[in-house]
Amino acid sequence: MSISILLRGHLFRKCSKETQIDLYKKMISHVIKPLKKESKDINVIIVSYKDENSVSFIGEIFKDYNYFYFKIPSKKSQVVCFVDALNVVLENKLLENCEGLLILRSDLYFLQDIDYQRIDRNKILFQWNLLHQKSSGEAPDQIQFIGGNLIEEFIKKTNEFQIDTIWKLSLHNLYNFCVCHFGKEKISYLNYIADPEPNKDKCIIRGNPRPRYGIGNPLYNYSRYINR
C-alpha cells in the first residue's frame with residue numbers, strides 16, 4: 001500500500017531556485033518523513049506549469065521516493081488548477097492501492113511536522129482544526145488529506161459540482177463542499193492549533209502567513225517570504 005503526495009501549483013513563486021530546493025528539503029523533513037511512519041511506499045507527484053526539463057533537478061531531491069512530474073496548462077484559477085491536478089493523478093493511475101492522498105501547495109516552507117495521527121481511509125482531513133470563520137465555514141485551503149476509500153469519489157465530485165459557489169476562484173469553500181457531499185462525520189483535521197480567541201467568529205490563525213487580518217500560522221511560511 002502507498003500514500004501519494006500531490007504538490008500543486010507554481011514552482012519558484014517569487015523565490016529563487018535555491019529557496020525552492022530548501023523548501024522541498026523542509027518538506028522531506030516535516031511532511032514526508034513523519035508520513036513514512038504510516039506508509040513504506042511514498043509517491044511524490046508534482047503538477048505544475050513549467051517544462052519538466054527546466055525542473056529536472058527536483059527529481060534528485062526526491063530520489064528516495066517514487067517521483068512523478070506533470071505539466072498542465074497555464075494557471076486559470078486556483079480552483080480550476082486544483083481539479084486539473086487531481087485529474088492528472090487519476091488519469092495516470094497513481095492512486096491504485098493508495099491509502100491516502102495528501103494535497104499541498106508547492107510554495108509551502110514548513111516550520112513544523114504535519115501530524116498524521118488522525119488520518120483515516122474513510123475521512124477527509126483539513127490542515128488544522130480551525131476555520132477562518134465559524135459562521136460561514138470559510139477554511140484555510142493550502143493542505144488536504146483524502147482517505148484512500150474516498151479519493152476517486154472526491155475527484156468525481158470536484159468535476160461534477162462547483163466548489164467555489166462562494167469565495168470565487170479560490171478553495172476557501174472546500175470545507176462546505178465536503179460537508180455537503182460527504183457529510184460532516186467524514187471531515188476531520190491534521191494538526192491541532194488552539195484558538196487564541198475561541199469566542200470570536202473570525203479566527204486570527206490564518207492560512208496565509210502574512211494576512212491583512214490575523215497572525216498567520218505556526219505550521220509553514222510561503223516561499224515568497226523567505227529571503228535567499
Side-chain angles (χ1 to χ4, degrees), residues 1-11 13 15 18-47 58 60-68 85 89 98-132 139-148 150-151 171 174-175 178 187-196 203-211 214-228:
M1 301 296 286
S2 66
I3 290 181
S4 291
I5 301 173
L6 169 59
L7 304 178
R8 62 177 182 86
H10 284 292
L11 302 178
R13 188 172 185 179
C15 75
E18 290 71 25
T19 297
Q20 188 72 55
I21 290 173
D22 191 23
L23 180 154
Y24 280 151
K25 289 180 178 178
K26 292 287 186 184
M27 283 189 180
I28 290 173
S29 297
H30 293 300
V31 177
I32 298 179
K33 287 187 176 178
L35 187 58
K36 192 74 173 172
K37 299 174 185 177
E38 307 294 333
S39 176
K40 293 181 180 179
D41 200 13
I42 304 290
N43 300 320
V44 177
I45 308 158
I46 294 180
V47 179
I58 295 174
E60 181 64 21
I61 299 172
F62 294 115
K63 65 183 179 181
D64 294 331
Y65 311 98
N66 304 319
Y67 171 70
F68 306 89
V89 175
C98 188
E99 295 180 73
L101 175 65
L102 178 68
I103 311 164
L104 59 154
R105 289 169 41 155
S106 262
D107 65 341
L108 303 184
Y109 190 98
F110 279 87
L111 307 172
Q112 295 182 358
D113 289 359
I114 288 184
D115 182 356
Y116 295 109
Q117 65 177 322
R118 280 172 285 273
I119 63 173
D120 188 314
R121 291 180 62 90
N122 297 299
K123 289 191 175 181
I124 298 169
L125 280 61
F126 285 77
Q127 57 204 52
W128 49 66
N129 53 301
L130 304 173
L131 294 170
H132 283 171
D141 59 2
Q142 289 81 1
I143 307 168
Q144 301 85 27
F145 182 92
I146 316 300
L150 301 179
I151 296 173
L171 290 167
L174 189 60
Y175 173 81
C178 290
I187 311 302
S188 188
Y189 61 90
L190 293 163
N191 286 44
Y192 175 83
I193 302 176
D195 190 343
C203 185
I204 61 174
I205 301 295
R206 312 296 287 186
N208 189 327
R210 291 189 184 178
I215 59 172
N217 69 83
L219 184 59
Y220 57 77
N221 202 344
Y222 281 165
S223 61
R224 62 182 180 269
Y225 300 146
I226 304 296
N227 295 319
R228 287 288 185 275

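Since we're looking at a predicted model, the values are computed, not measured.
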Nearest heavy-atom contact between Pro34 and Ser29 is CD-O, 3.3 Å
Minimal heavy-atom distance between Gly100 and Cys98, with the atoms involved, is O-SG, 2.9 Å
I'd like to know if the side chain of Arg206 reaches the main chain of His132, judged simply by a donor and an acceptor atom lying under 3.5 Å from each other, with no hydrogens or angles considered.
yes
Without swapping roles, check the side chain of Tyr220 against the backbone of Gly207 for a donor-acceptor pair under 3.5 Å.
-> yes
Mind checking whether Ile114 and Leu35 have side chains closer than 4.5 Å, heavy atoms only?
no
> Taking the side chain as C-beta and beyond, is there a heavy-atom pair between Pro209 and Tyr109 under 4.5 Å?
Replying inline: no
CD1 of Ile119 to CG of Leu125, rounded to nearest 0.5 Å, is 8.0 Å
Query raised in the report: Less than 4.5 Å apart, any side-chain heavy atom of Ile32 and any of Phe62?
Result: yes
One should read off an interatomic distance between Lys26 NZ and Ile226 CD1, to the nearest 0.5 angstrom, of 9.0 Å
- prompt: Would a distance-only check, ignoring hydrogens and angles, find a side-chain to backbone donor-acceptor pair under 3.5 Å from Tyr116 to Val31?
  reply: yes
When rounded to the nearest 0.5 Å, the distance separating CG of Leu174 from CD1 of Ile124 is 7.5 Å
Whether the side chain of Gln127 engages the backbone of Gln142 through a donor-acceptor N/O pair (distance < 3.5 Å, no angle test) should be reported.
yes
Using the rule given for side chain to side chain contact (heavy atoms under 4.5 Å, CB included), can you reason through Asp195 versus Ile205, listing the C-alpha separation, both sets of side-chain angles and the distance that settles it, and then say yes or no? CA-CA 7 Å; Asp195 190 343; Ile205 301 295; 5.8 Å; no
**Study point:** Heavy-atom check, side chain of Tyr67 versus side chain of Ile46, under 4.5 Å
**Key:** yes
Rounded to the nearest 0.5 Å, the CG atom of Asp41 sits from the CG atom of Asn66 at a distance of 4.5 Å
Is there side-chain contact between Leu7 and Met27, with heavy atoms separated by less than 4.5 Å?
-> yes
CZ (Arg224) and CZ (Arg210) are apart, to the nearest 0.5 Å, by 9.5 Å
* Determine whether Ile151 and Val89 make a side-chain contact, defined as any pair of heavy atoms from C-beta on separated by less than 4.5 Å. => no
Rounded to the nearest 0.5 angstrom, the CG-CG distance for Asn221 and Asn208 is 9.0 Å
Between Asn129 and Ile193 (side chain of the first, backbone of the second, donor and acceptor by atom type, cut-off under 3.5 Å), is there such a pair?
yes
Between Ser4 and Asn43, is there a side-chain donor-acceptor contact under 3.5 Å, judged purely by atom types and distance?
yes
Side-chain (Gln20) to main-chain (Ile58) donor-acceptor, under 3.5 angstrom: no
| query | Where the side chain of Asp113 meets the backbone of Asp115, is there a donor-acceptor pair that is under 3.5 Å apart? | reply | no
Original post:
Does Asp107 reach the main-chain N or O of Ser223 with its side chain, forming a donor-acceptor pair under 3.5 Å?
Top reply: no
- Message: Between Asp22 and Lys25 (side chain of the first, backbone of the second, donor and acceptor by atom type, cut-off under 3.5 Å), is there such a pair?
- Response: no
Phe110 and His30 have their tightest heavy-atom pair at O-CD2, 3.5 Å
Heavy-atom closest pair (Leu108 atom, Leu23 atom, distance to 0.1 Å) is O-CG, 3.2 Å
Arg118 side-chain N/O to Leu190 backbone N/O, donor-acceptor pair under 3.5 Å:
yes
### Message
Between Leu111 and Leu219, is there a side-chain heavy-atom distance shorter than 4.5 Å?
### Response
no
Dump the intermediate steps for side chain to side chain contact (heavy atoms under 4.5 Å, CB included) on Leu131 and Phe126, then the final yes or no. CA-CA 10 Å; Leu131 294 170; Phe126 285 77; over 6 Å; no
Does the side chain of Ser106 come within less than 4.5 Å of Tyr24's, by heavy atoms?
-> yes
